[in-house]
Structures are given as C-alpha cells and as structure tokens.
**Q** 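Have a look at the structure that comes next, please.
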Amino acid sequence: MKKNKRSILIVGYGQDGKILHEKSLKKGIEVFIIGNKNTLKSHKAKISTINIANKYAVFNYLKYKNNLDIYFFATHNISTTQKENKVIFKKNIQSNVLGLGNFLEFMSISKKKGLKLFYACSSHIFENSKKYPQNENSLKFFKTNYALTKLLGLKLCEYYRYEREVYCSVGILYTHVSKYTKQNFLIKELAKKILNAKKNGSKFINVYNKNSKIDIMTAKEAVVAMEKVMSLKHPDTFIISSGKLTSLKDIFLSILKFYKIKRKIFLKSSIKKKNKNFYLFGDNKKLQSKIKWKPKINLKDLINEVLK
C-alpha cells in the first residue's frame with residue numbers, strides 16, 4: 001500500500017524557503033507558502049498572507065491540510081551592522097513565539113495525523129558564550145532580542161515535543177549563504193567594499209576584526225540537512241553547521257579572485273585592542289551520526305554561489 005503523498009508548507013520566504021521551494025518543485029512535491037506581500041511575486045505555489053500571530057487564522061488554515069511537513073522559517077533577522085529596535089523585537093515575538101506557538105498548539109490538539117514541523121533556530125543563542133565549539137547542550141548565553149526570541153522558539157518546540165508529543169524538530173543554524181542572501185550580510189557586504197575600494201583606488205577595507213573566523217556553508221547544504229532531519233522517525237534538536245572555521249581573510253582573498261582583482265587591497269580592523277578570540281562554531285557530530293550527512297565545504301564554490 002502506497003503512503004499518502006506528503007506536501008510542504010513553508011512559513012517565511014527567505015533564502016532557505018526559496019531553496020526548499022525550488023527543490024520541492026523539481027521533485028513534484030506540492031508546496032504551500034505563508035509569506036508577506038512580496039512573496040506574492042512568486043509562482044507555482046499556493047501562497048497565503050495570513051497573520052500567523054492570529055490563532056484563529058492559523059487554525060483555519062491548517063484544518064484543511066494533511067500529511068504536511070511544515071518548515072518554520074518566519075523571522076525578522078538583522079545583520080551585525082544593523083541595530084535592533086522595538087519594532088523588530090515585536091515582529092520577532094509575533095513570529096518566533098506567538099506564530100510558532102499557534103502552529104504547535106494546533107498540532108497538539110488536532111486529531112490530524114501526519115503533521116511534522118521543523119523550526120529554524122539560530123546560533124546567535126550562543127553569541128555571548130565563552131566556549132566553542134557549541135553543541136546542543138551548550139549554555140545558551142546571548143546579547144540580542146533576536147537571539148532571545150529564537151531561544152524561546154526552541155524551548156516552545158521542546159515543550160510540545162516532550163510534554164504534548166508533537167513532532168517538532170529544531171535546527172540550530174550557523175551561517176549559511178546563497179545567491180538569495182541579503183546585500184548587507186557578510187560576503188555581499190565585503191564584496192561591495194572590495195569593488196568600492198577598486199573603484200576609488202583605496203588600499204584598505206575596514207572590517208570589525210580582520211582576524212575573525214566563521215562557521216559558514218552554503219544554504220543548499222543546510223536545506224539538505226533540514227530535509228533529512230524531517231525524515232527521521234523521532235524529532236530532536238540538532239546543530240546544523242559546517243563543523244569548520246573559515247577565516248575572514250580567506251573569504252576576502254577568495255572574493256578578490258572571483259572578481260580577478262590583482263591590485264593589492266588589505267583588510268584593516270576597526271577594533272583597537274585585541275579581544276580574546278571567541279567563535280560561533282558548531283559541533284555537528286550528533287547530526288552527522290543521525291542522518292549520515294556531512295556538508296561539502298569548498299570556499300571557491302561558496303563564493304561563486306553567493307556572487308554569481
């Protein structure tokens with residue numbers, strides 16, 4: 001007897017949602033999307049702009065869905081160059097707490113079978129820690145409201161998983177990039193500075209810390225991990241990371257090669273005194289052992305993926 005065909009619901013249409021959407025279409029999987037007005041520009045998907053913070057809107061939407069894999073990406077993240085404000089904090093409460101809670105509550109009280117949820121958490125829940133690499137049991141120690149709401153979302157999932165027997169897995173995601181990455185995030189921001197330096201004849205590019213290192217991989221690899229997590233019989237919480245540190249200097253040199261810039265341009269740190277090194281660096285051993293997954297880390301391909 002054939003299993004009922006599963007469909008996918010993408011809540012939040014950022015880079016991960018777009019990549020998952022494209023992959024699912026190629027596999028012939030029915031895709032539903034909950035997004036904002038900009039998402040309506042998409043096609044080949046059933047798009048809704050319901051307010052996920054509204055319990056009744058979520059319940060009415062889900063009551064007609066069966067055999068559904070829900071990927072909860074909805075959030076309002078900011079780059080390291082942006083400042084948080086009350087509006088962003090409120091939006092993150094609405095998405096990572098109220099919105100997520102509405103989905104989990106429906107899954108808990110509904111008699112429907114075949115509903116599974118993946119919640120995209122963030123490595124920023126460790127951003128003020130002192131130890132690395134971080135694993136699933138590392139102390140959560142953060143400094144932003146964004147990280148606070150992400151941690152609340154993780155705790156919500158764990159409560160509904162263990163106390164209400166809801167299938168909800170969590171991925172604590174480290175930096176992952178694609179052609180859909182926003183312009184003010186790392187590689188695209190650095191590329192912009194390099195091109196401006198070339199144009200203006202500058203010798204130096206200012207960054208916060210030229211000696212910094214980052215745990216980075218392609219978003220395509222991260223999405224593969226998410227799909228594999230959702231195929232597991234039992235839900236769990238996993239670190240989704242490259243498991244490797246890449247220096248900002250190597251990223252910088254790779255961007256120079258991508259643009260075929262031979263003129264000497266140097267990185268210059270804006271910090272005046274050296275701080276003790278700390279890295280957001282994820283230990284992905286648990287994930288590798290559970291799903292037999294190991295990300296392909298190739299800096300040249302990663303740069304090409306983002307800037308092509």
Side-chain angles (χ1 to χ4, degrees), residues 13-19 22 36 38-39 41 73 75-85 87-88 91 122-124 127-128 143-147 173-222 241-242 244-275 277-281 295-308:
Y13 201 62
Q15 71 167 1
D16 296 343
K18 289 174 183 175
I19 291 169
E22 292 167 357
N36 53 34
N38 292 328
T39 314
K41 298 176 183 177
F73 298 132
T75 194
H76 297 271
N77 58 331
I78 60 174
S79 74
T80 54
T81 59
Q82 293 175 293
K83 290 185 178 180
E84 290 191 305
N85 56 52
V87 174
I88 295 295
K91 287 182 177 180
S122 169
S123 61
H124 283 267
E127 68 188 338
N128 210 30
K143 56 185 178 182
T144 63
N145 289 332
Y146 167 71
L173 289 149
Y174 283 67
T175 303
H176 53 292
V177 292
S178 71
K179 62 183 178 181
Y180 299 120
T181 301
K182 293 180 181 179
Q183 293 296 326
N184 56 351
F185 280 76
L186 188 60
I187 293 176
K188 288 188 177 180
E189 179 70 15
L190 190 54
K192 181 181 176 181
K193 288 183 178 182
I194 288 171
L195 292 177
N196 285 338
K198 179 187 176 184
K199 181 180 178 181
N200 300 328
S202 303
K203 279 190 175 183
F204 296 98
I205 290 174
N206 287 318
V207 293
Y208 178 70
N209 182 3
K210 67 180 182 180
N211 297 314
S212 63
K213 296 181 181 179
I214 189 168
D215 185 328
I216 189 170
M217 63 179 169
T218 66
K220 286 181 179 179
E221 291 288 332
S241 70
S242 71
K244 174 185 176 182
L245 281 174
T246 300
S247 70
L248 181 63
K249 188 174 182 180
D250 284 341
I251 293 173
F252 169 73
L253 293 173
S254 293
I255 296 174
L256 289 179
K257 288 181 181 178
F258 176 84
Y259 287 122
K260 297 179 181 179
I261 298 174
K262 296 181 179 179
R263 187 174 66 80
K264 289 187 176 181
I265 302 175
F266 305 95
L267 289 174
K268 186 177 181 181
S269 296
S270 61
I271 56 172
K272 294 181 179 180
K273 59 180 181 180
K274 288 186 177 181
N275 297 323
N277 288 335
F278 166 74
Y279 305 110
L280 276 176
F281 176 28
K296 300 172 185 175
I297 309 300
N298 182 301
L299 188 53
K300 180 181 177 181
D301 291 343
L302 187 146
I303 298 298
N304 288 340
E305 170 68 21
V306 177
L307 298 180
K308 67 182 178 182

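All values below were derived from every heavy atom in this structure, side-chain atoms included, with hydrogens, water molecules and symmetry-related copies excluded.
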**Q** Taking the side chain as C-beta and beyond, is there a heavy-atom pair between Asn128 and Phe278 under 4.5 Å?
**A**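 Side-chain contact under 4.5 Å: no.
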**Q** Would one find more than 12 heavy atoms of other residues, nucleotides or ligands at under 6.0 Å from atom NZ of Lys18?
**A** yes
**Q** Kindly compute the distance separating CD (Glu221) from CG (Asp301), expressed to the nearest 0.5 Å.
**A**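 One gets 10.0 Å once the value is rounded to the nearest 0.5 Å.
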**Q** How many angstroms lie between atom NE2 of His176 and atom CG of Asp16, to the nearest 0.5 angstrom?
**A** 3.5 Å
**Q** Applying side-chain contact (heavy atoms from CB on, under 4.5 Å) to Asn209 and Leu248, what does each step give before you reach the verdict?
**A** CA-CA 9 Å; Asn209 182 3; Leu248 181 63; over 6 Å; no
**Q** Asp215 and Ser242: side-chain donor and acceptor closer than 3.5 Å?
**A**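 Indeed, the side chains of Asp215 and Ser242 share at least one donor-acceptor pair under 3.5 Å.
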**Q** For the NZ atom of Lys257 and the CG atom of Asn304, what is their distance to the nearest 0.5 Å?
**A**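 It comes to 12.0 Å.
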**Q** Can you measure from CG (Leu190) to CD1 (Ile194) and round to the nearest 0.5 angstrom?
**A** 4.5 Å
**Q** Measure the NZ-CD1 distance between Lys210 and Ile205 for me, rounded to the nearest 0.5 Å.
**A**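 It is 12.5 Å, given to the nearest 0.5 Å.
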**Q** Nearest 0.5 Å please: distance from the OH atom of Tyr259 over to the OG atom of Ser254.
**A**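 Interatomic distance, Tyr259 OH to Ser254 OG, rounded to 0.5 Å: 12.5 Å.
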**Q** Could you tell me if the side chain of Leu186 sits less than 4.5 Å from the side chain of Ile216, heavy atoms only?
**A** yes
**Q** Measure up the Tyr146 and His124 rings against each other and bin them: parallel (under 30°), tilted (30 to 60°), perpendicular (over 60°).
**A** perpendicular
**Q** Does this structure show an ion pair linking Glu305 with Lys179, if we count only N-O contacts that are shorter than 4.0 Å?
**A** no
**Q** Using a 6.0 Å cut-off, check whether atom NZ of Lys249 has over 12 heavy atoms from anything other than its own residue.
**A** no
